[in-house]
Amino acid sequence: MVRAMAEESGSRLERMSGMLKRRGFILPAFEIHGGSKGLYDFGPNGGRLRNRVNQIWLDHWISLGNVAEISCPTITPYEVLEASGHVGEFSDFMTACLVCDDVSRADTLLENDHTNPDSLSKIELDNLLKMVQPECPSCGANQWGPVIAQNLMFNTTIGAGNSGRAAFLRPETAQGMFTSFPSLYRHFREKLPFGAIQVGKGYRNEISPRQGMIRLREFNMAELEYFIDPEMPLEHDFTRWSDYEFNLISEAEGEIKQSISAAVDAGIIRHGTVGYFIAMTHDFLAKVGIDESRIRFRQHETTEMAHYATDCWDAEILGSYGWVECVGIAHRGCYDLEAHEQFTGKSLRARRDFTEPKQVVVDGWTIDGAVAGPIFRSLANKVKTAVEKLPKTVDFPLILDIDGTPITVEKEHVKRLQRTETVTGEWFIPHVVEPAFGIDRIIWHILDHAYQETTKQDEIYTLMRLSSNIVPVDYAVFPLFEKDGMGQIARMVNDQLNSKSGIVSTYDSSGSIGRRYARADEIGIPICVTVDHQSVEDNTVTIRDRDTGKQKRVSIADL
RNA sequence: GCGAGCGUAGUGUAGUGGUUAUCACCGGGCGUUGCCAACGCCUGAACCCGGGUUCGAGUCCCGGCGCUCGCACCA
């Protein structure tokens with residue numbers, strides 16, 4: 001029984017994949033050259049469907065009112081992804097033997113020469129490799145080429161030859177939004193919370209892409225980075241969802257059905273904004289035609305979460321491959337902005353005014369610039385910083401340790417510093433809540449959920465019950481026959497529909513009328529318009545609903 | 001990356017070394033039919049790539065590429 005079901009669903013998957021290829025939804029890319037694993041085309045129907053999904057996604061988040069769309073390059077300099085932690089987490093450092101071309105992991109080669117080679121940077125590995133000259137495990141030589149970060153990110157070079165700058169194709173769109181933070185902060189008049197969204201391509205050089213559209217090497221992603229002040233009270237309105245029970249799998253409670261506000265109040269969802277985005281994500285998925293009963297939200301185990309995240313929920317969708325994670329909603333704390341700030345020294349902060357200004361009494365020492373400056377020269381600034389940290393009770397002269405050098409500070413080098421400052425606010429690194437959508441995986445499940453097989457005269461009849469929000473073609477126009485003027489009327493109706501903005505209509509006159517309806521059903525065209533003999537008399541046509549097959553007669557003018 | 005299986009028209013397939021590669025659906029044209037894959041005629045379209053064995057390879061062998069499944073990997 002179970003086996004029979006498995007075989008049944010297996011062949012359904014095969015028939016569906018065949019149909020998606022035949023009808024130009026999704027197909028293997030570059031197939032005439034043998035194809036390439038993990039790369040797919042969206043065909044003439046899939047292309048438009050993808051575009052409409054992207055557009056709905058953008059509109060969905062922009063409707064929040066404090067979210068802006070941006071677009072960043074996919075080519076990303078090495079340093080950006082080094083700062084974000086991707087180089088360390090995402091890749092292995094490889095080096096090629098100059099004699100036999102065999103590639104080895106640099107840290108493995110240096111295992112006997114360093115206590116923790118895994119922790120070394122690329123430059124450190126390069127240097128240590130030149131110094132140690134370890135033996136090549138395959139040929140015994142000891143000449144090594146430059147260290148290259150390799151694996152899950154695609155390497156590339158900006159510019160030509162030796163002067164080129166190391167770079168990657170981005171593994172996610174997020175980093176561009178973090179590095180654009182100063183511009184976003186100004187755009188939003190320096191007021192949190194606000195968000196940046198972006199749809200675009202991401203690249204991961206997966207070791208072994210599998211399962212069709214589920215793991216790709218180049219994929220469409222859509223991410224929102226929502227910047228918040230961790231100390232500001234949240235203002236999320238959950239009333240829209242007060243009657244809706246979400247499928248949640250929480251770390252503590254297991255599988256439960258609960259409203260979002262209840263789950264947030266109970267602390268199951270650890271942050272209100274995460275809860276709000278879970279609800280928003282659910283609405284988006286429903287809008288593009290995902291079956292609501294096949295959506296669930298699963299909380300990451302504490303051990304499975306990235307070390308900096310405080311809460312993370314995946315939206316999982318049930319389809320032909322089981323439950324697949326399609327959206328990740330993570331509270332990332334201040335990790336990303338802080339990482340870029342530390343790496344670049346540029347401020348990525350927002351300002352928070354105190355409710356009442358604070359009086360800060362400064363009572364200590366500082367250097368007397370006129371005297372100490374010429375004496376300490378380039379160290380003067382560091383001496384000043386050190387002196388200002390001293391308590392007011394110290395006696396001079398005293399010896400300070402500046403970068404490992406003992407410096408004697410005489411009484412005439414310093415002066416008392418006493419003043420009262422009024423501090424009106426403080427700078428802090430905003431926290432980030434990030435919903436990240438795998439568009440291809442979502443599209444796969446849209447197609448999977450829409451694909452329906454019924455039986456008609458002992459044959460399998462295929463119907464795509466796509467949401468009219470995202471169908472690639474909105475109308476099909478058929479002349480019952482292409483004679484007696486029906487063809488001309490049908491062409492005119494088709495032109496009229498196509499001239500409307502955002503509407504796509506196709507004209508089809510080949511084969512019997514039933515065959516044309518069947519073709520339209522397989523693409524998921526919601527409305528078929530048929531021009532018949534009566535149309536010639538009174539300018540009416542029949543319109544047929546895809547899902548019910550029901551027809552009614554309307555005037556051409558009313559279309 | 002390792003192991004196993006597979007690769008034939010757009011799709012699904014038949015083909016155990018021997019004519020011009022099977023069948024169905026499919027696509028296009030014409031005809032016919034008063035609305036749900038009807039029918040007739042005509043027509044289009046394939047052995048993944050490269051080597052080898054052989055008089056002869058879609059078929060056997062080797063390598064590559066791709067697909068599927070397990071193991072590993074999957075911020």
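Sequence lines set the chain letters: A, B, ... in the order given, protein chains first and strands last, and positions in each chain run from 1. Since the model is a prediction, treat every value here as computed from it, not as a measurement. The figures here come from the full heavy-atom set of this structure, side chains too, leaving out hydrogens, waters and symmetry mates.
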When the [atom1] atoms of [M] and [N] are compared, how many Å lie between them, rounded to an integer?
N	M	atom1	answer
G1(B)	C47(B)	C1'	31 Å
C62(B)	G44(B)	C1'	37 Å
U54(B)	G17(B)	C1'	9 Å
G10(B)	C71(B)	P	35 Å
C23(B)	G70(B)	C1'	35 Å
G51(B)	U59(B)	P	14 Å
C35(B)	C42(B)	P	26 Å
A37(B)	G18(B)	P	43 Å

Between [atom2] on [N] and [atom1] on [X], what's the gap in Å once rounded to a whole number?
X	N	atom1	atom2	answer
D508(A)	A37(B)	CG	P	14 Å
E482(A)	G31(B)	CD	P	10 Å
L216(A)	C73(B)	CG	P	21 Å
M153(A)	C74(B)	CE	C1'	15 Å
I32(A)	G10(B)	CD1	P	12 Å

For K37(A) and S17(A), find the nucleotide of RNA chain B closest to each by heavy atoms; which residue's nucleotide sits nearer the 5' end?
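First, find each residue's nearest nucleotide; the 5'-ward one identifies S17(A).
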RNA chain B: M19(A) or Y461(A), which has the more 5' nearest nucleotide?
M19(A)
Could you check which of [options] has an atom nearest any side-chain atom of [X]?
X	options	result
R519(A)	G28(B), G34(B), U11(B)	G28(B)
Y517(A)	C36(B), G10(B), A38(B)	C36(B)
K21(A)	C67(B), U11(B), G28(B)	U11(B)
Y321(A)	A38(B), C69(B), C36(B)	C69(B)
R515(A)	G27(B), C36(B), G34(B)	G27(B)

With a 4.5 Å heavy-atom cut-off, do N45(A) and M464(A) have their side chains touching?
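A side-chain contact under 4.5 Å is absent here.
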Could you check if a side-chain atom of V80(A) sits within less than 4.5 angstrom of a side-chain atom of H340(A), using non-hydrogen atoms only?
yes
Nucleotide opposite [N] in a Watson-Crick or G-U pair, distances under 3.5 Å:
N	answer
G3(B)	C69(B)
G31(B)	C39(B)
C26(B)	G44(B)

Any N or O donor-acceptor pair linking the side chain of R23(A) to the base of C26(B) at under 3.5 Å?
no
Kindly say whether, by distance alone, the side chain of R516(A) makes a donor-acceptor pair under 3.5 Å with the base of C36(B)?
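No such pair is found, so the answer is no.
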Regarding [X], tell me which of base, sugar-phosphate or nothing describes its non-hydrogen contacts under 4.0 Å with the strands shown.
X	answer
E522(A)	base
G328(A)	nothing
Q551(A)	base
G549(A)	base
T542(A)	base
F478(A)	nothing

How about D532(A) and T530(A): does a side-chain donor come under 3.5 Å of a side-chain acceptor?
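No, no side-chain donor-acceptor contact under 3.5 Å.
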For a quick check under 3.5 Å, do D440(A) and Y40(A) share a side-chain donor-acceptor pair by atom type?
no
Would you please classify the geometry between the F478(A) ring and the Y517(A) ring as parallel, tilted or perpendicular, with 30° and 60° separating the classes?
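Perpendicular.
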Is T530(A) near enough to C35(B) that one of its side-chain N or O atoms lies under 4.0 angstrom from OP1 or OP2?
no
Evaluate the side chain to side chain contact (heavy atoms under 4.5 Å, CB included) criterion for residues E223(A) and Q198(A): first the C-alpha distance (whole Å), next the side-chain angles of each, then the deciding distance (0.1 Å), finally the verdict.
CA-CA 6 Å; E223(A) 294 183 297; Q198(A) 175 162 198; 5.8 Å; no
Salt bridge or not between D448(A) and R12(A)? Use side-chain N to carboxylate O under 4.0 Å.
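Salt bridge flag = yes for R12(A) with D448(A).
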